[in-house]
Asks: 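Let me begin by handing over the structure; questions about it come next.
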Amino acid sequence: MKKLTGSQAVIESLLHEHVSVIFGYPGGAIMPIYDALYDYVKSKKIRHILVRHEQGAGHAAEGWGRVTGEPGVVFATSGPGATNLVTALADAMMDTVPIVCITGQVHSSVIGTDAFQEADVIGITAPVTKWSYQITQAQEIPFIFKKAFHIARTGRPGPVLIDITKDAQFAPFDFEYPSEIKLKSYNPTTQPHMKQIELAASLINNSKKPLILAGHGIHISHAHTELFDLASKADIPVALTLHGLSSFPNDHRLYAGFLGMHGNYAPNILSNEADVVIAVGMRFDDRVTGRVKDFLPNAKVIHIDIDPAELNKIIHAEVPIVADAKPALQALLQHVKKQTHNQWIEQFKAARDIEKTKIWDVECNPTKGPIKMAEAVSRISEAIKGKALVVADVGQHQMVAARYFKFKLPNSFHSSGGMGTMGYGLPTAMGVQVAKPDQTVISISGDGGFQMNIQELGTIAQEKMPIKIVILNNGFLGMVRQWQQLFFDKRYSMVHMESPDFVAVAKAYGINGMKVEVRKDLDLGIKNMLESKGPYILEISVEQEDNVFPMVASGASVSEIRLE
């Protein structure tokens, strides 16, 4: 044991959890912790990244959590500092991302008196965190931190918040960090029940039209090899959710495509013909299912998920399996038989050819008119051969990035799915870049979403993060405009947007860039961006009323997907 103040105990607890980076913004109620942090940063035991907004810190921590599997860590002060984290917490909760947020709080003696910068942080964040706790006694710190990191990173990962009163930060106590932790009320199941595995294998072995739907759980459990081996052995097409992208080779004969509202034609029209569906680490989001009552009408569903709450929540599972994806797929591999489903796989190829002719060739290889979004993304993908970590904001560009970037690295696409958080892209790319400093990180945004957290250019410049920032500028809130065009008689209500000169703004921060307005300059702009040593911003003027197809309209069945 050693005598530490609460603030020193916070930093020592983080070091015990092998935390090397903190994203944060100081303020009055967390100032004692920042004072304790000073010596640790000076001695390079820990790195602190000063963001320009607490939401940016939360998303940056998400980026770290998504690529490392370890919780990203955030510091923020009380009141507005803490409430500014709510959107990032909700985003992490929906998308199963481990982060730990540490907020300062007013002195315990004035809680409930509407003291300066006081907010009921626990009450506000309880619905959007996996667990939250307010520390009022310094001696609670070691156990609570151990518990927080354990909960954030195990089972179904998620966000945790610790709120610490100012007096607890100052108080001295004998510090000892727990070596292990056992929680009676929290014991996630990771290993599959073998009876369920045998039932699932029997269904797969007797199927004629099996289909795998793979999601974020493949990345979280590092089950890429197991997914590939199962699909290969049983000859099963693999369709991926938005968060599942990059978990299966997109040039393989068994790759069925991207599921969902703006996904590929083949998996959307053919999923309803499948007789057995193996859903792994995905939650049947409404953007995947379309009209639920008409989804998978012919299929017996095997659903593998570590969170039992997701099983039978939306789609009935003939065989529900509560388990981590990796051991579940390993077990299945031992029981499934080697098979071939050539005719079934040919149906996917035929549907893929239709989409290629009607959409891919038109969108990616135009010869006249303005630059198209798909054209820009596919050129970037070709230039870097798909070997980059891509972070997309939310909107049309997000769907275009998901559809047209040819991911060659596992766990290389990151975006906001469940919350659909505009402003997500730029700060999340910071966390990804800090976690993977030797990888090329490309942030793709629209002109609308980019401006929601444009201030983080300051963080990128100060920390010299070599992020490649792409803005597809169409002068509209593009996804809303597309819906207004298709479903509201082109009544473009409040979606036209005039933006600043993004390259000039970046230059003001000391970041180089280029604006591309005509097709002949596109390859040069991409080349300049990829060859730049530091951060770079590439603004591309794209067709203003360009739409993203295919599309499953809200309330429609996935089999009613529109190609135009």
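We number each residue from 1, following the sequence as shown.
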Asks: Under the ring-ring contact (aromatic ring centres under 6.0 Å, His included) definition, can you give me all pairs with a residue in residues 427-477, not counting sequence neighbours?
Replies: F450-F502, F476-Y492, F476-H496
Asks: Is the shortest side-chain N to carboxylate O distance from K358 to E564 below 4.0 Å?
Replies: no
Asks: As a quick check of understanding, evaluate side chain to side chain contact (heavy atoms under 4.5 Å, CB included) for I460 and I511, giving each step before the final call.
Replies: CA-CA 9 Å; I460 291 167; I511 297 173; 4.3 Å; yes
Asks: Quick one: closest heavy-atom pair of D305 and D307, and the distance?
Replies: OD1-N, 2.8 Å
Asks: Donor-acceptor pair, distance only, cut-off 3.5 Å: does the side chain of S132 make one with the backbone of L161?
Replies: no
Asks: Step by step, work out the side chain to side chain contact (heavy atoms under 4.5 Å, CB included) result for R519 and E375.
Replies: CA-CA 10 Å; R519 182 166 288 109; E375 175 186 9; 2.6 Å; yes
Asks: Sequence neighbours left out, what pairs pass salt bridge (Lys or Arg N to Asp or Glu O under 4.0 Å) with at least one residue falling in residues 453-472?
Replies: R47-E463
Asks: In this structure, is the centre-to-centre distance between the rings of H262 and F549 below 6.0 Å?
Replies: no
Asks: Would you call the rings of F405 and F407 parallel, tilted or perpendicular, taking 30° and 60° as the class edges?
Replies: tilted
Asks: Do any N or O atoms from the side chain of S78 and from the backbone of Q117 form a donor-acceptor pair under 3.5 angstrom?
Replies: yes
Asks: Quick test of your reading: applying ring-ring contact (aromatic ring centres under 6.0 Å, His included), list the pairs with at least one residue in residues 503-537, sequence neighbours left out, ordered by first then second residue.
Replies: none
Asks: Could you tell me whether a side-chain N or O of Q451 sits under 3.5 Å from a main-chain N or O of D447, the two making a donor and an acceptor?
Replies: yes
Asks: Which residues pass the salt bridge (Lys or Arg N to Asp or Glu O under 4.0 Å) test with E543, not counting sequence neighbours?
Replies: K372
Asks: Do Q433 side-chain atoms and K436 backbone N/O form a donor-acceptor pair below 3.5 Å?
Replies: yes
Asks: For R491 and Q485, what are the C-alpha separation, side-chain angles and deciding distance, and is it a side-chain hydrogen bond (donor to acceptor under 3.5 Å, both in side chains)?
Replies: CA-CA 7 Å; R491 289 163 58 85; Q485 177 184 336; over 6 Å; no
Asks: Which residue in the set T77, T83, D163 passes side chain to side chain donor-acceptor pair (under 3.5 Å) when paired with T103?
Replies: D163
Asks: Show the nearest heavy-atom pair for residues I99 and G58, with the distance to one decimal.
Replies: CD1-O, 4.3 Å
Asks: Tell me if the NZ atom of K313 is crowded by more than 12 foreign heavy atoms within 6.0 Å.
Replies: yes
Asks: Do the side-chain N and O atoms of Q455 and N453 include a donor-acceptor pair separated by under 3.5 angstrom?
Replies: yes
Asks: List the steps, then state whether side chain to side chain contact (heavy atoms under 4.5 Å, CB included) holds for F413 with V391.
Replies: CA-CA 6 Å; F413 180 69; V391 182; over 6 Å; no
Asks: May I ask you to decide if V558's main-chain N or O and N268's side chain share a donor-acceptor pair within less than 3.5 Å?
Replies: no
Asks: Under the salt bridge (charged side-chain N to carboxylate O under 4.0 Å, His left out) rule, what do E363 and R403 come out as? Steps first, then yes or no, please.
Replies: CA-CA 11 Å; E363 293 294 314; R403 286 177 50 79; over 6 Å; no
Asks: With heavy-atom distances below 4.5 Å as the criterion, would you say the side chains of Q396 and Q482 are in contact?
Replies: yes
Asks: Under a 3.5 Å distance rule, please check whether R291 uses its side chain to pair with a backbone N or O of G555 as donor and acceptor.
Replies: yes
Asks: Within the 4.5 Å heavy-atom criterion, are S541 and K515 side-chain neighbours or not?
Replies: yes
Asks: So F348 and Y255, do their side chains get closer than 4.5 Å, heavy atoms only?
Replies: no
Asks: So does K408 pair up with D251, basic N to acidic O under 4.0 Å?
Replies: yes
Asks: Compare all side-chain heavy atoms of L254 with those of F248 and state whether any distance is below 4.5 angstrom.
Replies: yes
Asks: Apply the test side chain to side chain contact (heavy atoms under 4.5 Å, CB included) to residues I444 and D393: give CA-CA distance (whole Å), side-chain angles for both, the deciding distance (0.1 Å), then the verdict.
Replies: CA-CA 6 Å; I444 301 178; D393 211 287; over 6 Å; no
Asks: Which heavy-atom pair separates V128 from M93 by the least distance, and what is that distance?
Replies: O-CB, 3.6 Å
Asks: Write down the atom of A401, the atom of A392, and the distance for their closest heavy-atom approach.
Replies: CB-CB, 4.3 Å
Asks: Can you list every pair that meets ring-ring contact (aromatic ring centres under 6.0 Å, His included) and has a residue in residues 46-100, with sequence neighbours left out?
Replies: Y34-H48, Y34-F75, H59-Y424
Asks: Within the 4.5 Å heavy-atom criterion, are H216 and T241 side-chain neighbours or not?
Replies: no
Asks: Taking NZ, NE, NH1 and NH2 as the nitrogens, is one of them in E62 or R66 under 4.0 Å from a carboxylate oxygen of the other?
Replies: no
Asks: Could you tell me whether Y25 atom OH has more than 12 heavy atoms of other residues or ligands within 6.0 Å of it?
Replies: no
Asks: For residues H219 and H243, determine if any side-chain heavy atom of one lies less than 4.5 Å from a side-chain heavy atom of the other.
Replies: no
Asks: Please check if any side-chain donor atom of R481 sits under 3.5 Å from a side-chain acceptor atom of N547, or the reverse.
Replies: yes
Asks: Identify the two heavy atoms, one from S416 and one from L242, that lie closest to each other, and give their separation to 0.1 Å.
Replies: O-CD2, 4.4 Å
Asks: Quick check for you: to the nearest 0.5 Å, what is the distance between H397 atom NE2 and I540 atom CD1?
Replies: 12.5 Å
Asks: Using a 4.5 Å cut-off on heavy atoms from C-beta on, say whether the side chain of L486 contacts that of R562.
Replies: yes
Asks: Considering only NZ, NE, NH1 and NH2 on the basic side and carboxylate oxygens on the acidic side, decide whether E310 and R156 come within less than 4.0 Å.
Replies: yes
Asks: Answer yes if the side chains of E539 and N473 hold a donor-acceptor pair under 3.5 Å, and no otherwise.
Replies: yes
Asks: Can E382 and K406 be counted as an ion pair, charged N to O under 4.0 angstrom?
Replies: no
Asks: Measure from the side-chain N and O atoms of T357 to the backbone N and O of I354, and report whether any donor-acceptor pair falls under 3.5 Å.
Replies: no
Asks: Do you know which of L213, T289, L240, L245 makes side chain to side chain contact (heavy atoms under 4.5 Å, CB included) with L259?
Replies: L213
Asks: I'd like to know if the side chain of H414 reaches the main chain of N411, judged simply by a donor and an acceptor atom lying under 3.5 Å from each other, with no hydrogens or angles considered.
Replies: yes
Asks: Hey, what do you get for OG (S532) to CD1 (I537), rounding to the nearest 0.5 Å?
Replies: 11.5 Å
Asks: Identify, with sequence neighbours excluded, every residue that meets side chain to side chain contact (heavy atoms under 4.5 Å, CB included) alongside M94.
Replies: R283, M419
Asks: Between the side chain of N264 and the main-chain N/O of F258, is any donor-acceptor distance below 3.5 Å?
Replies: yes
Asks: Kindly check if the number of other-residue, nucleotide or ligand heavy atoms within 6.0 Å of CZ (F487) is above 12?
Replies: yes
Asks: Just by modelled atom types, is the V97 backbone N or O under 3.5 Å from a matching donor or acceptor in the D95 side chain?
Replies: no
Asks: Just verifying a value: how many Å separate I526 CD1 and N528 CG, rounded to the nearest 0.5 Å?
Replies: 10.5 Å
Asks: Would you name the heavy atoms of M373 and V548 that are closest together and state the gap between them?
Replies: CE-CG2, 4.2 Å
Asks: Hey, are the side chains of P410 and S246 touching, using non-hydrogen atoms and a 4.5 Å cut-off?
Replies: no
Asks: Is there a donor in the side chain of Q55 and an acceptor in the side chain of T87, or the other way round, less than 3.5 Å apart?
Replies: no
